[in-house]
Trainee: 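Got a structure here, written out as structure tokens. Questions coming.
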Amino acid sequence: MSSFLNDFKAFALRGNVVDMAVGVIIGGAFGKIVASFVSDIIMPPIGMILGGVDFSNLFINLSSKKVDTLAEATAAKVPVIAYGKFITTVIDFLIMAFVIFLMISLLNRFKKEEKEEPAPETLCPFCKMPIDPAATKCPHCTSDIPKDSH
């Protein structure tokens, strides 16, 4: 049992796991901010532009019982398709995806570009000029390159 706990401790305290946990916590908090931004700031003006539509109250009643609001339907346990909430959630997702794209693009700009090691230079065995390692004929002296000289 002690070995198991030591293994778990080593796993849980590795840098990647801790970094991932911090990312999940910050991501959750950021998600709440974006959800509030969309539902409280973005959707009301869009609804106003579209003629006073309240997206949070758009639904399709699937029963014969008459309800006027989504809250009323939820309280009465009436089955509904709450497409207004779905539209808001899709907009939440699009904003989150766009922000993540911007953040990754910004991080990639600051990330140091790893330099690729140049391929070892291959020389023609006849004229000693550099040639492509896959070449079968030297572009300089037009000699046939033996396969074993690469």
Trainee: With salt bridge (Lys or Arg N to Asp or Glu O under 4.0 Å) as the rule and sequence neighbours excluded, what pairs involving residues 77-92 come up?
Mentor: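 For residues 77-92, and leaving out neighbouring residues, there are no salt bridge (Lys or Arg N to Asp or Glu O under 4.0 Å) pairs at all.
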Trainee: Is I131 close to L123 at the side-chain level, that is, under 4.5 Å between some pair of heavy atoms?
Mentor: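 Counting from C-beta outward, L123 and I131 never come under 4.5 Å.
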Trainee: Roughly how far, to the nearest 0.5 Å, is CZ of F37 from CD1 of I33?
Mentor: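 Rounded to the nearest 0.5 Å, the CD1-CZ separation comes to 11.5 Å.
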Trainee: Can you tell me how far CD1 of I91 sits from CD1 of I46, rounded to the nearest 0.5 angstrom?
Mentor: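 I46 atom CD1 to I91 atom CD1 measures 5.0 Å (nearest 0.5 Å).
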Trainee: Hey, does V80 have a side-chain heavy atom less than 4.5 Å from the side chain of I60?
Mentor: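 Answer no - side chains too far apart.
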Trainee: Measure across V78 and S63 and return the closest heavy-atom pair with its distance rounded to 0.1 Å.
Mentor: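 Closest heavy-atom pair between V78 and S63: CG1-OG, 3.0 Å.
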Trainee: Would you mind reporting whether P125 and P146 have side-chain heavy atoms less than 4.5 Å apart?
Mentor: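 Yes; the side chains approach each other to less than 4.5 Å.
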Trainee: Under the 4.5 Å side-chain heavy-atom rule for ILVMFWY, direct or indirect, which residues accompany L102?
Mentor: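 When side chains under 4.5 Å apart are linked, the cluster holding L102 also contains F98, F101.
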Trainee: For D68, which residues count as a salt bridge (Lys or Arg N to Asp or Glu O under 4.0 Å) partner, sequence neighbours excluded?
Mentor: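 With sequence neighbours excluded, D68 shows a salt bridge (Lys or Arg N to Asp or Glu O under 4.0 Å) to K66, given in chain and number order.
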Trainee: Rounded to the nearest 0.5 Å, what's the gap from CD on E72 to CG on N61? Could you check?
Mentor: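 Atom-to-atom, E72:CD and N61:CG are 10.0 Å apart.
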Trainee: Test your reading of the model: is there a side-chain donor-acceptor pair from H140 to the backbone of K128, 3.5 Å cut-off?
Mentor: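 Checked: no pair found.
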Trainee: Side-chain heavy atoms under 4.5 Å apart, restricted to Ile/Leu/Val/Met/Phe/Trp/Tyr: what other residues fall into the cluster of F126, or is it alone?
Mentor: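 Traced through the cluster, F126 reaches no other member.
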Trainee: Can you list the residues that meet the salt bridge (Lys or Arg N to Asp or Glu O under 4.0 Å) rule with D7, with sequence neighbours excluded?
Mentor: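 Result, salt bridge (Lys or Arg N to Asp or Glu O under 4.0 Å) vs D7: none returned.
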Trainee: Using the rule that Ile, Leu, Val, Met, Phe, Trp and Tyr join whenever any side-chain heavy atoms are under 4.5 Å apart, tell me whether I104 and V22 fall into a single cluster.
Mentor: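 Not linked; separate clusters.
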Trainee: Under 4.5 Å side-chain heavy-atom separation, chaining through any Ile, Leu, Val, Met, Phe, Trp or Tyr, what else clusters with I49? Say none if it is isolated.
Mentor: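 None, because no other hydrophobic side chain comes under 4.5 Å of this residue.
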Trainee: Who pairs with L58 by side-chain contact (heavy atoms from CB on, under 4.5 Å), at least two apart in sequence or on another chain?
Mentor: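 L58 satisfies side-chain contact (heavy atoms from CB on, under 4.5 Å) with V53, F55, Y83 once adjacent residues are dropped.
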Trainee: Taking atom CG of D132 and atom SG of C138, what is their separation to the nearest 0.5 Å?
Mentor: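 The CG atom of D132 sits 11.5 Å away from the SG atom of C138.
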Trainee: How close do M43 and T88 get, heavy atom to heavy atom, and via which atoms?
Mentor: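 Closest heavy-atom pair between M43 and T88: CE-OG1, 3.9 Å.
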Trainee: Among residues at least two apart in sequence or on other chains, which ones pass side chain to side chain donor-acceptor pair (under 3.5 Å) with T69?
Mentor: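 With neighbours one apart ignored, the set is empty.
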Trainee: Could you pull out all residues at least two apart from D54 that satisfy side chain to side chain donor-acceptor pair (under 3.5 Å)?
Mentor: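 Expected list: S56.
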Trainee: Could you list the residues that satisfy side chain to side chain donor-acceptor pair (under 3.5 Å) with K137, not counting sequence neighbours?
Mentor: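 If we apply the side chain to side chain donor-acceptor pair (under 3.5 Å) test to K137, skipping adjacent residues, the hits are D144.
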Trainee: Rounded to the nearest 0.5 Å, what's the gap from CG on N108 to CE on M103? Could you check?
Mentor: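 These two atoms lie 11.5 Å from each other.
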Trainee: Which pairs, with at least one residue in residues 32-53 and sequence neighbours excluded, count as a side chain to side chain donor-acceptor pair (under 3.5 Å)?
Mentor: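 Every side chain to side chain donor-acceptor pair (under 3.5 Å) pair that includes a residue of residues 32-53, provided the two are not neighbours, is S36-D40.
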Trainee: Would you say F30 and V99 make side-chain contact, with heavy atoms under 4.5 Å?
Mentor: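 In contact.
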Trainee: Does I25 belong to the same Ile/Leu/Val/Met/Phe/Trp/Tyr cluster as V34, with side-chain heavy atoms less than 4.5 Å apart forming each link?
Mentor: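 No, because I25 and V34 fall into different hydrophobic clusters, even though each may have its own neighbours under 4.5 Å.
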Trainee: When rounded to the nearest 0.5 angstrom, what is the spacing between OG1 in T89 and CG in L94?
Mentor: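 Answer rounded to 0.5 Å: 11.0 Å.
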Trainee: Using the salt bridge (Lys or Arg N to Asp or Glu O under 4.0 Å) criterion, which residues pair with K65? Sequence neighbours excluded.
Mentor: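 In terms of salt bridge (Lys or Arg N to Asp or Glu O under 4.0 Å), with neighbours along the sequence ignored, K65 is linked to no residue.
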Trainee: For L70 and N57, which heavy atoms make the closest approach, and how far apart are they?
Mentor: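 Heavy atoms only, the tightest pair is N-OD1, 2.7 Å.
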